[in-house]
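On a predicted model such as this, the values are computed, not experimentally measured, just so you know. Read the numbers this way: they start at 1 and go in the same order the structure lists the ligands and their atoms.
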Amino acid sequence: MKRIAILGAGFIAGVHLEAWKRIEGAQVVAFFETQPERAQDFQEKQGIPHYDSFSRLLEEKEVEIVDICLPTFLHREYAEIAAQAKKHLFCEKPIATTLEDAQAIKEICSKNGVKLMIGHVLRFWNEYVKAREIVKEGTLGEILSLSAHRLSVAPTWSQNHWILNPNLSGGASVDLHIHDLDFANWLLGKPQKIFASGNRSNKGAIDHIVSNLSYGPNTFSQIEGGWMMKGDFPFSCGFRILGTKGVLEWDFRAGVNIEQRGKGAPLVLYQEDKTKEELYLPGEDPYYQELKYFFNCLEEGRKIESATADQAILALKVALKAQQSIKEEKVLELDS
Ligand SMILES: NC(=O)c1ccc[n+]([C@@H]2O[C@H](COP(=O)([O-])OP(=O)(O)OC[C@H]3O[C@@H](n4cnc5c(N)ncnc54)[C@H](O)[C@@H]3O)[C@@H](O)[C@H]2O)c1
């Protein structure tokens, strides 16, 4: 049995709590939330003890795991407290809004001997997992290009609209786009060059972005992301992977937010010999799958190899470099 404290009672905290409930041997024993109405709602719905002070929670409750579901600008502050208290950490993506904070989170966890995993959930999302498997098996031949997208209307639920403030969330070009940048890294490795274009919101955030990444002379990706869609535009994501022997495509449209993620669309594989295969994958909740993986790693004393701090730092580095490319209107080397 491992006891968990969830930090935050917002959108993703609710998703995590439902996932934790399904994991045998895991028990959420308390949550931390500073906003009284949100705390009351969460407590009434979930019946879990509430704390408005994280240090008091740590004094009064025995927990082995802290699950950080707070706004991104708070990740470092709470990760440091949790790691110093020797708690294993699951922290939502993006790991932080700056590389300095991200590195500090990684270092404090390693200094205190606690495990750290970041919520890069596409690594546990069946269609993305299967796509990578198909690529690694060589079915598509050599990969020439990846195109991926993630588009929605602006999130309305965030506390005090912190998510729309570029200094607090990084904007959609960090917060949302980072999912697909991490997927591209997972599939194709570290990009060498980046050129991006973007549009800003009236708050100055780059909230719509197209990042062009190159991985060598013959492989590139084009990733589009943003939350500047209008009206009833449905949450949409997907990818097309072109190889020398085939194409794999997935095109998914959910409700206005991501809540209808269970409704699947098939992966479609087109091969050179003109065969077309549609693969419908089980609609298992990827948030459950990532937390279960984290939990199993702790229970079995296994190293965390997926959604690690280093992978999260690389994804953040690419996202920040894309922002820099927009500001400077230049092609940039990732390591420059
Ligand atoms: N993996 C995913 O698909 C996914 C989806 C959504 C959000 N996220 C990430 O999860 C984290 C939380 O996002 P969310 O959408 O749940 O946000 P949210 O605003 O819905 O929830 C954040 C909670 O933290 C609380 N909080 C505590 N201290 C606060 C402070 N000083 N300022 C503002 N809020 C404070 C808020 O009251 C709120 O209940 C972010 O890092 C976000 O990027 C990940």
- Proximal ligand 1 atoms for Asp175, defined as those under 4.0 Å from one of its heavy atoms: 42 (C), 43 (O)

- Message: Show me which atoms of ligand 1 lie under 4.0 Å from any heavy atom of His75.
- Response: 41 (O)

- Item | Electrostatic pair Glu64-Lys87, nearest N-O below 4.0 angstrom | no

- Please say whether the positively charged group of Arg253, taken as NZ for Lys or CZ for Arg, lies over the ring of Phe233, i.e. under 6.0 angstrom from the six-membered ring centre and within 45 degrees of the axis. yes

- Query: By number and element, which atoms of ligand 1 are closer than 4.0 Å to a non-hydrogen atom of Gly119?
  - Reply: 1 (N)

- If the plane angle is over 60° it's perpendicular, under 30° parallel, otherwise tilted; pick one for Phe239 and Phe183. tilted

- Message: Would you say Leu140 ends up clustered with Val129 if hydrophobic residues are merged whenever their side chains have heavy atoms under 4.5 Å apart, either directly or through other cluster members?
- Response: yes

- Indicate yes or no: does an N/O atom of Cys69 lie under 3.5 Å from an N/O atom of ligand 1? no

- Message: If you measure every N or O of Gln35 against every N or O of ligand 1, does any of those distances drop under 3.5 Å?
- Response: no

- Proximal ligand 1 atoms for His179, defined as those under 4.0 Å from one of its heavy atoms: 1 (N), 2 (C), 3 (O)

- Contact region, Lys93 to ligand 1, non-hydrogen atoms below 4.0 Å, reads both

- If hydrogens are left out, which of Ala39, Pro71, Gly8, Ala13 has an atom nearest to atom 22 (C) of ligand 1, that is, the closest non-hydrogen atom? Pro71

- Message: Restricting to salt bridge (charged side-chain N to carboxylate O under 4.0 Å, His left out), what partner residues turn up for Asp335, sequence neighbours left out?
- Response: Lys190, Lys317

- Just let me know how Phe73 lines up against ligand 1, side chain, backbone, both or neither, with a heavy-atom cut-off below 4.0 Å. side chain

- Does ligand 1 have an atom that lies less than 4.0 angstrom from a heavy atom of His120? no

- Query: Does Arg56 make a cation-pi contact with Tyr51 (under 6.0 Å, within 45 degrees of the axis)?
  - Reply: no

- Item | Atoms of ligand 1 close to Thr72 [distance to a heavy atom under 4.0 angstrom, numbered from 1] | 40 (C), 41 (O), 43 (O)

- With hydrophobic residues grouped by side-chain heavy-atom distances under 4.5 Å, do Phe90 and Val63 end up in a single group? no

- Check the angle between the aromatic planes of Phe295 and Trp20 and answer parallel, tilted or perpendicular using the 30° and 60° thresholds. perpendicular

- Note on the structure: ligand 1 atoms nearer than 4.0 angstrom to some heavy atom of Tyr287 are 1 (N), 2 (C), 3 (O)

- Query: Side chain or backbone of Gln159 under 4.0 Å from ligand 1, or both, or neither, by non-hydrogen atoms?
  - Reply: both

- Of the listed options (Phe32, Phe42, Phe11, Trp125), which comes nearest to atom 20 (O) of ligand 1 when hydrogens are ignored and any heavy atom counts? Phe11

- Please state which part of Leu74 comes within less than 4.0 Å of ligand 1, counting heavy atoms only: side chain, backbone, both or neither. side chain

- Item | Same apolar cluster (I L V M F W Y, side chains within < 4.5 Å links), Leu332/Leu334 | no

- Message: Is the ring pair His16/Tyr287 parallel, tilted or perpendicular, if the boundaries are 30 and 60 degrees?
- Response: tilted

- Can you tell which of His161, Arg150, Arg38, Glu33 gets a heavy atom nearest to atom 36 (C) of ligand 1? Glu33

- Item | Geometric N/O contact Trp157 with ligand 1, under 3.5 angstrom | yes

- Item | Contact with ligand 1 for Asn160, non-hydrogen, under 4.0 angstrom | no

- Same hydrophobic cluster for Ile326 and Val318, using side-chain heavy-atom links shorter than 4.5 Å among ILVMFWY? no

- If you measure every N/O of Ile12 against every N/O of ligand 1, is any gap under 3.5 Å? yes

- Same cluster or not: are Leu58 and Leu116 linked, directly or through other Ile, Leu, Val, Met, Phe, Trp or Tyr residues, by side-chain heavy atoms under 4.5 angstrom apart? yes

- Shortest reach to atom 26 (N) of ligand 1 by a heavy atom, considering only Thr34, Ile118, Asp41: Thr34

- Query: Strictly under 6.0 Å, is that where the ring centroids of Tyr128 and Trp250 end up?
  - Reply: yes

- Query: Can you tell me if Pro94 has a non-hydrogen atom under 4.0 Å from ligand 1?
  - Reply: yes

- Atom indices of ligand 1, in the order listed, that fall short of 4.0 Å to a heavy atom of Ser158: 19 (O)

